[in-house]
Amino acid sequence: MKKIFYLFLFVGTVCFCQNSVKANLVDSMKIDVLDIFGVDTFGTMYYSTNDNTFNKKTKDTTITYTNYQLSEISTANTFNPLKINLFYRDFNSVIILDNRLAEIFKIDFNTVVPYKNVSYVSTGYDNTIWIFNQDLQQLELYDYKTNKIRLKTVPIQSEVLDLKSDYNFCYLLTKQFLYVYNYFGSLVKKFPNNNYEKMAFSKAHTVLKNNNQLSILPKNNSEIIPITHPNLLINQFLVTNETLYIYNDGILRQYQLKLE
């Protein structure tokens, strides 16, 4: 009987521990940027400045890309550093850059046949990107080399708020739900949206923002867990594996995520 009691006690303790994640501050730095798009495991930073210049900053060097024909960069996905995609929503266009920020492909959806009104873009595998077709209200995996749609989802019946992806999964946040699709376009998970407005994503975790509260959906988990962190005004946030970055008032703070 004692063994059974301790077994239940152990299981209960484990379950309780998995219901809390704490963010411990490990570093901070001053940096004046317009938008910060990514920080990789080597500390390489990707960000834009007020002159609409995209920057890649390593420990030793900073290289830049500027497109004077297009306006402000809406989003930049740096998951694949060899094929970084910059989305210019105002011009309905995407620029693909290599790791030296040289332009390797330009997609102008205004000239694509049939025309596509795109509101969100994220990385896919091979020569593909995930796009949200605003007119058809559906998520599409678009091959920009062949101008073909490899797959598409059923129409989404709610306003889309954010889109993030890697080679295997695509996360679509709407006002009603968080949808998780695999690379075949099949819906594998669906979570109610508890007032989440934005999300950050890495290979390991998805972090969701509700006002100034952050929550985390760990990889291969079916529970969204609140993150305990200092009460900060969160302007922008990123996640890289178990590291959380919060940018506000010109300071980028780095936190280590720890399950409790």
Side-chain angles (χ1 to χ4, degrees), residues 27-59 61-81 83-103 106-107 109 118-123 129-132 134 160-166 171-173 196-202 205-214 229 232-241 243-255:
D27 199 6
S28 65
M29 66 177 293
K30 288 186 177 181
I31 181 170
D32 184 17
V33 303
L34 179 63
D35 289 299
I36 184 160
F37 298 113
V39 182
D40 68 17
T41 54
F42 302 104
T44 302
M45 298 177 56
Y46 301 87
Y47 58 90
S48 65
T49 48
N50 289 320
D51 57 354
N52 295 324
T53 295
F54 181 75
N55 300 261
K56 176 183 177 181
K57 179 180 176 59
T58 65
K59 182 180 179 181
T61 62
T62 300
I63 56 177
T64 64
Y65 169 84
T66 305
N67 192 313
Y68 295 104
Q69 296 178 329
L70 303 176
S71 62
E72 185 177 322
I73 301 168
S74 301
T75 60
N77 192 295
T78 62
F79 171 76
N80 181 354
K83 292 181 180 179
I84 300 166
N85 62 69
L86 309 183
F87 177 44
Y88 298 82
R89 183 177 292 135
D90 291 345
F91 283 78
N92 203 26
S93 298
V94 175
I95 302 293
I96 311 293
L97 306 176
D98 66 13
N99 63 334
R100 299 298 302 169
L101 302 192
E103 188 175 312
K106 179 179 179 180
I107 311 158
F109 289 110
V118 176
S119 55
Y120 291 90
V121 171
S122 194
T123 294
I129 53 175
W130 288 97
I131 63 174
F132 188 76
Q134 188 69 29
V160 174
L161 303 176
D162 208 350
L163 175 66
K164 295 289 187 288
S165 62
D166 61 7
Y171 293 71
L172 185 69
L173 180 66
Y196 301 122
E197 312 149 355
K198 204 77 178 164
M199 61 181 171
F201 175 72
S202 78
H205 305 304
T206 304
V207 174
L208 298 139
K209 176 178 177 289
N210 174 358
N211 293 320
N212 286 312
Q213 175 59 49
L214 298 177
H229 59 82
L232 296 171
L233 179 63
I234 301 172
N235 184 17
Q236 297 174 48
F237 64 103
L238 307 164
V239 61
T240 303
N241 296 329
T243 302
L244 172 71
Y245 296 91
I246 296 178
Y247 180 66
N248 188 56
D249 292 333
I251 299 176
L252 181 65
R253 296 175 175 87
Q254 178 182 343
Y255 297 88

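Nothing here was measured: the structure is a model prediction, and the numbers come from that model. Note that these values count all heavy atoms, side chains included, but never hydrogens, waters or copies made by symmetry.
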At what distance, to the nearest 0.5 angstrom, does [atom1] of [X] lie from [atom2] of [Y]?
X      : Y      : atom1 : atom2 : answer
Lys198 : Phe237 : NZ    : CZ    : 8.0 Å
Asp98  : Lys83  : CG    : NZ    : 11.0 Å
Thr75  : Asn85  : OG1   : CG    : 6.5 Å
Asn80  : Asn99  : CG    : CG    : 9.5 Å
Ser122 : Ile131 : OG    : CD1   : 12.0 Å

Write down the atom of [X], the atom of [Y], and the distance for their closest heavy-atom approach.
X      : Y      : value
Asn67  : Glu103 : ND2-OE1, 4.0 Å
Gln236 : Ile36  : OE1-N, 2.8 Å
Ile73  : Asn52  : CD1-O, 4.2 Å
Ala76  : Phe54  : CB-CE1, 3.8 Å
Tyr196 : Leu208 : CD2-CB, 3.6 Å

So, Asn55 versus Thr62: side-chain donor-acceptor pair below 3.5 Å or not?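 No, Thr62 and Asn55 have no side-chain donor paired with an acceptor closer than 3.5 Å.
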
A side-chain contact here means heavy atoms from C-beta on lying under 4.5 Å apart; do [X] and [Y] qualify?
X      : Y      : answer
Val94  : Ile96  : yes
Glu72  : Arg89  : no
Ile234 : His229 : yes
Ile84  : Phe37  : no

[X] (side chain) donor-acceptor with [Y] (main chain) under 3.5 angstrom:
X      : Y      : result
Arg253 : Ser28  : no
Asp32  : Gly250 : no
Thr240 : Val39  : yes
Tyr247 : Ile31  : yes
Tyr120 : Trp130 : no
Lys209 : Asn211 : yes
Thr66  : Thr53  : no

Does Thr49 have any side-chain hydrogen bond (donor to acceptor under 3.5 Å, both in side chains) partners at least two apart in sequence or in another chain, and if so, which?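 Here the qualifying residues are Asp51.
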
side-chain contact (heavy atoms from CB on, under 4.5 Å) between Ile129 and Asn77: does it pass, once the steps are laid out? CA-CA 10 Å; Ile129 53 175; Asn77 192 295; over 6 Å; no

What residues form a side chain to side chain contact (heavy atoms under 4.5 Å, CB included) with Ile63, not counting sequence neighbours? Lys56, Arg100, Leu101

Run the side chain to side chain contact (heavy atoms under 4.5 Å, CB included) test against Gln254 and tell me which residues pass, sequence neighbours left out.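 Residues passing side chain to side chain contact (heavy atoms under 4.5 Å, CB included) with Gln254: Val26, Asp27, Thr243, Tyr245.
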
Test: side chain to side chain donor-acceptor pair (under 3.5 Å). Region: residues 36-47. Which pairs qualify, not counting sequence neighbours?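 Found Asp40-Thr44.
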
Could you walk me through whether Ile95 and Leu70 pass side-chain contact (heavy atoms from CB on, under 4.5 Å), step by step? CA-CA 10 Å; Ile95 302 293; Leu70 303 176; 4.1 Å; yes

Pairing residues for Phe201 by the ring pair (Phe, Tyr, Trp, His ring centres under 6.0 Å) criterion, not counting sequence neighbours: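 With sequence neighbours excluded, Phe201 shows a ring pair (Phe, Tyr, Trp, His ring centres under 6.0 Å) to Tyr171, given in chain and number order.
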
Any residue meeting ring pair (Phe, Tyr, Trp, His ring centres under 6.0 Å) with Tyr65, in chain and number order, not counting sequence neighbours: none

Run the side-chain contact (heavy atoms from CB on, under 4.5 Å) check on Val121 and Val118 step by step: do they pass? CA-CA 8 Å; Val121 171; Val118 176; 3.6 Å; yes

So Lys164 and Asp162, side-chain contact (heavy atoms from CB on, under 4.5 Å) or not? Walk me through it. CA-CA 7 Å; Lys164 295 289 187 288; Asp162 208 350; 3.0 Å; yes

